[in-house]
Amino acid sequence: TEQGEVLARHYAVSEDASAHFSNIIGALWTKRLGDPPHARPEWKESADHLAKLAAAAYHELIERPDFITYFEQVTPKEVELVKIGSRPQQRDLATSVAEVRAIPWVFRWVQSRQIIPAWYGFGSALEAFIENSTDAKTAISKLQEMYNDWPFFSSVVSNCETALRNTDLDIARYYVQTLAVPVDNAERILKVIRDEYHCTLRELERITGHGLLGRPEDRAQEHSISLKEPYLDPLNYIQVRLLRDYRARIAEGAPQSELEAFERAIISSIEGIATGLGTTG
């Protein structure tokens, strides 16, 4: 399926729609007709170990007592104004992560340019995997081999790189400084996220041998992101100001007609960011 907010990216122009559909069908048949890659048992064992390490780091973050407050304040809960998904969105303030549905959970992190569900914990997992092994060089060599010869692991790394490239923690900090109360608590959480971000960048480069989207086949994607950034990034700053003023006017009891004007502008910012990033999450 395709999320409604980004349909225009692939289907608004008939030539683009035809090319996109051809790519999907071509990928399907390439997968069906080719020999499936065989993962070595030790690769699967290593991947399982990495998954457990990453999950532990992720849970350590989201289970912090102050984390749900951070999420509610510095990501746009106003995504509920946009019709996404087939089930009702979380409308009241959540008191735990378990109360938030999957679509708004990821969508809100994407909108605030943190995108932590896509990468948080992977860097810590790679670092611990290497540092806790009996021979760090052998561990790095194994991970490099998995990256080069196992399409599944290569895909995980590639998806992580894309999410990291679209992450912008300077923009995220503007959400924090403008929307969080008290800001000091939110700044502490953002620092934890920032530290993991840089850890993940460092560890991925150690495995891949290049920076984010540094392969020749990634040049088109990197070029596309770079072209869009000057137009996309201002939308985030505009969105923050809209959210700040909208929430303040709700607290002050503003008339519905004024709130509806804010809501139309906020929806436009949400859809614009989703289109610019090419994903709702």
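Excluded from the calculations below are hydrogen atoms, water molecules and symmetry mates; all remaining heavy atoms, backbone and side chain alike, are included.
- Ion pair E222/R219 not flagged as a salt bridge, since none of the NZ, NE, NH1 or NH2 atoms sits closer than 4.0 Å to an Asp/Glu carboxylate oxygen.
- Salt-bridge check for D135 with K137: failed, with every basic side-chain N at 4.0 Å or more from each acidic carboxylate O.
- Taking each heavy atom of A186 and Y70 in turn, the nearest pair found is O-CE1, 3.4 Å.
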Side-chain donor-acceptor contacts of residues 204-211 below 3.5 Å, not counting sequence neighbours, with atom names and distances?
from, atom 1, to, atom 2, distance (Å)
R206, NE, E203, OE1, 3.2
R206, NH2, E203, OE1, 2.8
R206, NH2, E203, OE2, 3.2
T208, OG1, L204, O, 2.9
T208, OG1, H210, N, 3.3
T208, OG1, H210, O, 3.0
H210, NE2, Y147, OH, 3.2

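- Residue A125 comes nearest to A54 through the heavy atom pair CB-N, 3.6 Å, listed as atom of the first residue, atom of the second, then distance.
- Ion pair E42/K142 not flagged as a salt bridge, since none of the NZ, NE, NH1 or NH2 atoms sits closer than 4.0 Å to an Asp/Glu carboxylate oxygen.
- A side-chain N or O of Y175 and one of Q239 form a donor-acceptor pair less than 3.5 Å apart.
- Using a 4.5 Å cut-off on side-chain heavy atoms (C-beta onward), Y120 and V192 make contact.
- P104 and V100 make their closest contact through CG-CG1, 4.4 Å (heavy atoms, listed as atom of the first residue, atom of the second, distance).
- For the pair D245 and R241, the salt-bridge criterion is not met [side-chain N within less than 4.0 Å of a carboxylate O].
- None of E72, E80, E78 except one satisfies the salt bridge (charged side-chain N to carboxylate O under 4.0 Å, His left out) rule with R108; the exception is E72.
- In this structure, T162 OG1 and R165 CZ are separated by 10.0 Å, a value rounded to the nearest 0.5 Å.
- When all heavy atoms of A172 and L190 are compared, the pair lying nearest together is CB-CD1, 4.2 Å.
- The closest side-chain heavy-atom distance from R173 to E187 is below 4.5 Å.
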What verdict does the side-chain contact (heavy atoms from CB on, under 4.5 Å) test give for L50 and L143, after you've listed the backbone C-alpha separation in whole Å, the side-chain angles of each residue and the deciding distance to 0.1 Å?
CA-CA 10 Å; L50 285 168; L143 291 170; 3.8 Å; yes
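- In this structure, W150 and W43 have parallel ring planes: the angle between them is below the 30° cut-off, well short of the 60° mark.
- Taken together through direct or relayed side-chain contacts under 4.5 Å among Ile, Leu, Val, Met, Phe, Trp and Tyr, Y11 and V13 form parts of separate hydrophobic clusters.
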Taking it one step at a time, do D16 and H10 satisfy side-chain contact (heavy atoms from CB on, under 4.5 Å)?
CA-CA 6 Å; D16 290 345; H10 297 310; over 6 Å; no
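- In this structure, W105 and F71 have tilted ring planes: the angle between them lies in the 30° to 60° band.
- The local environment of CD in E60 is sparse, with at most 12 non-hydrogen atoms from other residues, nucleotides or ligands closer than 6.0 Å.
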Please evaluate residues D48 and K52 with respect to the criterion salt bridge (charged side-chain N to carboxylate O under 4.0 Å, His left out), reporting the C-alpha separation (whole Å), side-chain torsions for both, the decisive distance (0.1 Å), and the verdict.
CA-CA 6 Å; D48 185 58; K52 291 174 181 176; 3.3 Å; yes
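- Summarising the local packing, CD of Q256 is surrounded by more than 12 heavy atoms from other residues, nucleotides or ligands at distances under 6.0 Å.
- Residues N159 and S155 meet the side-chain proximity criterion, which asks for heavy atoms closer than 4.5 Å.
- Panel note: side chain S224, backbone A220; no donor-acceptor pair is recorded below 3.5 Å.
- When all heavy atoms are compared, the tightest approach of I68 to V97 is CD1-N, 3.9 Å.
- The CG atom of L126 sits 7.5 Å away from atom OG1 of T200, with the distance rounded to the nearest 0.5 Å.
- Side-chain contact check for R194 versus D170: some heavy-atom pair is nearer than 4.5 Å.
- Members clustered with L33: F21, I25, W29, by chain and number, using a 4.5 Å side-chain heavy-atom cutoff among hydrophobic residues.
- Of all heavy-atom pairs between E196 and G121, the closest is OE2-N, 3.1 Å.
- When side chains are defined from C-beta on, L169 counts as touching Y197, because their heavy atoms get closer than 4.5 Å.
- The shortest distance between side-chain heavy atoms of I270 and I266 falls below 4.5 Å.
- Using a cutoff of 4.0 Å between basic side-chain nitrogens and carboxylate oxygens, R40 and D149 are not scored as salt-bridged.
- Counting heavy atoms from C-beta outward, V176 and Q114 have side chains that stay 4.5 Å or more apart.
- To the nearest 0.5 Å, the span separating OG on S269 from CZ on R264 amounts to 13.5 Å.
- Note that CD of E161 is 8.5 Å distant from OG of S154, once rounded to the nearest 0.5 Å.
- Within the model, atoms CG of N166 and CG of L277 stand 5.0 Å from one another, a figure rounded to the nearest 0.5 Å.
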Evaluate S158 against E217 for side-chain contact (heavy atoms from CB on, under 4.5 Å), listing each step before the verdict.
CA-CA 11 Å; S158 179; E217 56 265 44; over 6 Å; no
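- Between I225 and L213, the closest side-chain pair of non-hydrogen atoms falls below 4.5 Å.
- In summary, the side chains of Q73 and T69 do not present any donor paired with an acceptor at a separation below 3.5 Å, with no hydrogens or angles considered.
- For the residue pair T75 and Q111, no side-chain donor N or O sits within less than 3.5 Å of a side-chain acceptor on the partner.
- Taking CG from L235 and CD1 from I273, the interatomic distance works out to 5.5 Å, rounded to the nearest 0.5 Å.
- Look at K191 and D195 and you find a salt bridge, because one of the NZ, NE, NH1 or NH2 atoms lies within 4.0 Å of a carboxylate O, short of that distance.
- The main-chain N or O of I130 is found under 3.5 Å from a side-chain atom of S133 such that the two form a donor-acceptor pair.
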